[in-house]
Protein chains: 2
Amino acid sequence: MSKAIPEPVTRLIEAFSSLPGIGPKTASRLTYYLLRAPDKLTLTLADALQNLKSQTMLCSVCFNITVENPCPICSDARRDHRLIAAVEEPLDVLALERTGTYDGLYHVLHGAISPVNGIGPDDLKIRELVQRVVEGDVVEVIVATNPGMEGDATAMYVQRQLEGKGAKVTRLARGLPVGGDLEYVDAVTLMRALQGRSEM
Amino acid sequence: MSKAIPEPVTRLIEAFSSLPGIGPKTASRLTYYLLRAPDKLTLTLADALQNLKSQTMLCSVCFNITVENPCPICSDARRDHRLIAAVEEPLDVLALERTGTYDGLYHVLHGAISPVNGIGPDDLKIRELVQRVVEGDVVEVIVATNPGMEGDATAMYVQRQLEGKGAKVTRLARGLPVGGDLEYVDAVTLMRALQGRSEM
C-alpha cells in the first residue's frame, strides 16, 4: 500500500482482511471507522478478542465451547440426558436451541468428513461420541449434520460406528423448507420431500 | 442470547456487531471462525486494534492520519507544496494517491457540513485550511469533497472562506464515470456532463 497509509493502519486492515467474508475494501472501511470512533469501541473489541480464547474451552463431555466444564447444557439436570444431537459446529447447537423444542444434550463433532480438505473421521470427535453412547445411558443419537455431501458422509460414518452400541440412530427430516416455493425448490430437495411424504 | 453461548463469545459477537455493516449473523460467524482459527490470528487482530489509536495521530499540517508528525506527504520535498487538495476523509487521500497523477499536498476536513447530523463548519478543519492558505505559499486549493448535497455545501462554504486569500479555488470535474453506460447514468450526472462538455 502507499505511504499515505501509516503502518498501524495497514496492520489492522490486513488483520481484518484475514477474516472470512471481509475483503480489503471492507477492512479499510472498518479500520477508518474505528479511527474516528471513540477509543472505547476499539479497546472493547481488542479486549473481547483477547478474552475469547483465554476464557473459553471445549466442554469435556459434548465439546461445545464453554466457560465452565462441563458446559451449562451438559450439567442441566432438567434436560434429557438419554438424547444426544450430534452436530458439526457450535453454531449448529444455537440453531437447534433456537427451535425451543429440543431438550436433549449435544455432541459437537467439530467438522465433517471431507477428503478434499484432508479431514478424516479421526479429526472429528466421533470416537468420543461412541464412547459417550457405550458408557452412558443413551437411548437415541440424532445425527444433525448439514444436508449435503460432507454432512451425509459424516452421518453415514457415525451411524456405522454406533451400530450395535445400544442407541437408536436417527437423522433430521429432509423436505421442503417452510415458506419455500415448490417452483424454486431444487430437484434433490423435492425428491427427498416426495420420498418422505406422510399421510394427512 | 441463550445460555448455550458463553459470555466471552457473546461479548465478541456484540463488539463485532457494533461495527458498521456487520450484523449479528456476520458477527457470530466471525467469532466462531476465530474460535477455530489458530490463536495467533486472534492475537494479531487484538494487537493491531490496540496499536491503532496509541501509535497514530493526526498530522498537524494536513490532519491526515500518521505515525510521524508532519506526515510523510507533508514532509516530502518532491511534492508540490503550492497545491492543496481538500478532502472529507483520510480514505479520500488514498483514492487520489491511487490515481498516481496528483503530486500536491492534502487537507483532511474530517467530514462534511451536515445540518441533519448537527455537523457545522466549526466541526471541520476549515479554519486550519484557511490558515494554511493565508500563511503559506499556496497557489491552488482543489476542493475534492464528495459529489452530493453535503459535499457540495462544504465545497461552497470552503470556497467562500478562501475568497480573496490569494489562492485559486477549483473543484473536481463532474461528468460520466469511465466505463459507465449513458442509459444507466442518473439525470443529474448527465446534466453535469452536458454542462461541462468540451470540444474534441
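All chains are named by letter (A, B, ...) in the order of the sequence lines, taking the proteins before the strands, and each is independently numbered beginning at 1.
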Next item on the list: Please flag which part of B:Leu35 lies under 4.5 Å from any non-hydrogen atom of chain A: side chain, backbone, both or neither.
Entry: both

Check: Got a donor-acceptor contact below 3.5 angstrom from the A:Asn117 side chain to the A:Ser114 backbone?
Finding: no

Margin query: Looking at every heavy atom in both B:Ile113 and B:Leu124, which two are closest together, and how far apart are they?
Written below: N-CD1, 3.6 Å

Checklist line | Donor-acceptor under 3.5 Å (A:Arg79 side chain, A:Tyr102 main chain) | finding: yes

Note to self: Which one wins on heavy-atom pair count under 4.5 Å against chain A: B:Pro20, B:Ser28, B:Pro90, B:Ala48?
What the structure shows: B:Pro20

Notebook entry, point to check: For chain A, which residues from residues 60-69 of chain B lie under 4.5 Å away (heavy-atom distances)?
Noted result: B:Asn64, B:Ile65, B:Thr66, B:Val67

Check: Taking every heavy-atom pair that is under 4.5 Å apart, which of A:Thr42, A:Thr26, A:Leu43 has the most such pairs with chain B?
Finding: A:Thr42

Item checked: Options B:Ala46, B:Gly111, B:Ala37, ranked by heavy-atom pairs under 4.5 Å with chain A, top entry -> B:Ala46

Check: Does some side-chain heavy atom of A:Val138 sit less than 4.5 Å from a side-chain heavy atom of A:Leu105?
Finding: no

Notebook entry, point to check: Does B:Tyr157 have any ring pair (Phe, Tyr, Trp, His ring centres under 6.0 Å) partners at least two apart in sequence or in another chain, and if so, which?
Noted result: none

Checklist line | Residues of residues 50-59 of chain A with any heavy atom under 4.5 Å of a heavy atom in chain B | finding: A:Gln50, A:Asn51, A:Leu52, A:Lys53, A:Gln55, A:Thr56

Margin query: So B:Val93 and B:Ile73, do their side chains get closer than 4.5 Å, heavy atoms only?
Written below: yes

Notebook entry, point to check: Just wondering, do A:Tyr33 and B:Leu91 contact through their side chains at under 4.5 Å, heavy atoms?
Noted result: no

Notebook entry, point to check: Can you say whether A:Leu34 sits under 4.5 Å from chain B via the side chain, the backbone, both, or neither, judging by heavy atoms?
Noted result: both

Item checked: Structural part of B:Leu30 lying under 4.5 Å from a heavy atom of chain A -> side chain

Next item on the list: Check whether the side chains of B:Thr154 and B:Glu88 place a donor and an acceptor atom closer than 3.5 Å, and report yes or no.
Entry: no

Check: How would you list, by chain and number, every residue that makes a salt bridge (Lys or Arg N to Asp or Glu O under 4.0 Å) with B:Arg36, sequence neighbours excluded?
Finding: A:Glu89

Notebook entry, point to check: With distance as the sole test, does A:Asn146 use its side chain to make a donor-acceptor pair with the main-chain N or O of A:Gly148 at under 3.5 Å?
Noted result: no

Checklist line | Backbone N/O of A:Asp137 and side chain of A:Arg82: donor-acceptor pair under 3.5 Å | finding: no

Check: At a heavy-atom separation under 4.5 Å, does B:Tyr106 approach chain A through its side chain, its backbone, both, or neither?
Finding: neither

Note to self: B:Arg171 and side chain to side chain contact (heavy atoms under 4.5 Å, CB included): which single residue from B:Ile142, B:Thr145, B:Val158 fits?
What the structure shows: B:Thr145

Notebook entry, point to check: Which one, B:His110, B:Arg98, B:Arg29, B:Arg11, leads in non-hydrogen pairs under 4.5 Å with chain A?
Noted result: B:Arg11

Note to self: Is it the case that the side chain of B:His107 and the backbone of B:Lys125 share a donor-acceptor pair, with hydrogens and angles ignored and the cut-off at 3.5 Å?
What the structure shows: yes

Note to self: Do B:Arg127 and B:Asp122 have side chains that approach each other closer than 4.5 Å (heavy atoms only, starting at C-beta)?
What the structure shows: yes

Notebook entry, point to check: chain B: which of A:Thr44, A:Asp39, A:Val9 shares the most heavy-atom pairs with it under 4.5 Å?
Noted result: A:Asp39

